[in-house]
Amino acid sequence: MLYSEKVLDHFSNPRNVGEIEDADGVGEIGNAKCGDIMKMYLKIDDGIITDAKFKTFGCGAAVATSSMATELIKGKPIEDALKLTNSAVVEALDGLPAVKIHCSVLAEQAVRSALSDYYTRQGIDPLPIVGEIKEPEE
Ligand code: FES
């Protein structure tokens, strides 16, 4: 089987799909090569990510990784979300085929992009905290 049970589960039954209307941070990231786009909404209270929702117009792995990414950051402090790497998302999904790793980078960068927006809205320069948001290159 190419995909793990967990990937298939998060693809067919993605968690946290949707939008947060009064989000404190919204991020969007696309991959120019495959054309997939991911949008991430975060609700943040007192440094804690109290809610996370996403919309992904993309492949199954992009849906599964964004679903898992929201699960991993919900209820966690911002610091933890900033440390969330695409490999942690892939690991939590019990792996992804090598050609699909870039999809997990989209999930990682979508979270960072939403955090970047959160800091900007607070009047704080996000660059030193979040770093540059990179479009996945493969
Ligand atoms: Fe584009 Fe997966 S193929 S994100």
Side-chain angles (χ1 to χ4, degrees):
M1 188 48 156
L2 200 53
Y3 290 107
S4 75
E5 295 265 320
K6 275 194 194 160
V7 173
L8 294 174
D9 176 32
H10 277 264
F11 168 61
S12 29
N13 177 27
R15 327 304 196 255
N16 311 309
V17 174
E19 293 175 27
I20 301 175
E21 260 175 39
D22 57 343
D24 299 301
V26 180
E28 188 177 308
I29 185 94
N31 180 318
K33 279 219 175 117
C34 64
D36 291 353
I37 298 168
M38 201 179 279
K39 214 162 173 185
M40 182 70 63
Y41 303 81
L42 300 178
K43 190 89 197 127
I44 299 172
D45 276 316
D46 235 359
I48 306 286
I49 298 172
T50 53
D51 202 7
K53 289 204 189 304
F54 77 93
K55 276 193 162 173
T56 292
F57 305 93
C59 74
V63 172
T65 51
S66 29
S67 166
M68 182 52 94
T70 54
E71 285 287 273
L72 290 173
I73 61 170
K74 251 170 87 167
K76 300 275 166 57
I78 296 180
E79 291 73 43
D80 287 15
L82 282 170
K83 280 188 240 145
L84 181 78
T85 59
N86 75 300
S87 11
V89 176
V90 171
E91 206 170 296
L93 286 168
D94 292 337
L96 270 181
V99 293
K100 286 287 169 185
I101 294 296
H102 75 270
C103 318
S104 65
V105 176
L106 207 58
E108 172 200 288
Q109 293 297 309
V111 170
R112 300 180 81 83
S113 162
L115 288 171
S116 184
D117 179 52
Y118 166 73
Y119 283 116
T120 305
R121 291 185 195 202
Q122 310 288 310
I124 301 167
D125 178 10
L127 198 60
I129 307 166
V130 185
E132 251 181 89
I133 311 296
K134 290 174 266 179
E135 275 202 11
E137 270 159 18
E138 307 152 49

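Both counts, for ligands and for their atoms, begin at 1 and track the order of listing. Residue indices begin at 1 and follow the sequence shown. On a predicted model such as this, the values are computed, not experimentally measured, just so you know.
Residue contacts with ligand 1 do not include Lys33, since none of its heavy atoms lies under 4.0 Å from the ligand.
Residue Ala61 does not touch ligand 1, judged by heavy-atom distances below 4.0 Å.
Within ligand 1, the atoms closer than 4.0 Å to a non-hydrogen atom of Cys103 are 2 (Fe), 3 (S), 4 (S), numbered from 1 in the order shown. Proximity to Cys59 (heavy-atom distance under 4.0 Å) selects the following atoms of ligand 1: 2 (Fe), 3 (S), 4 (S). Near Ala62, meaning under 4.0 Å from any of its heavy atoms, are these atoms of ligand 1: 4 (S).
Judged purely by atom type and a 3.5 angstrom limit, Lys76 has no side-chain atom pairing as donor or acceptor with the backbone of Ile49. With hydrogens and angles disregarded, a donor-acceptor distance shorter than 3.5 Å links the side chain of Ser67 to the backbone of Arg15. Here the side chain of Asp117 pairs a donor or acceptor atom with the backbone of Val26 at under 3.5 angstrom. Judged purely by atom type and a 3.5 angstrom limit, Asp125 uses its side chain to pair as donor or acceptor with the backbone of Leu127.
Taking the N/O/S atoms of Asp36 in turn, the shortest distance to atom 1 (Fe) of ligand 1 belongs to OD2.
Side-chain polar atoms of Asn16 and Thr70 form a donor-acceptor pair below 3.5 angstrom.
Of the protein's non-hydrogen atoms, Cys34 SG, 2.1 Å is the one closest to atom 1 (Fe) of ligand 1.
Here His102 fails the criterion, with no N, O or S atom under 2.8 Å of atom 2 (Fe) of ligand 1.
Between Tyr3 and Leu96 the shortest side-chain heavy-atom distance falls below 4.5 Å.
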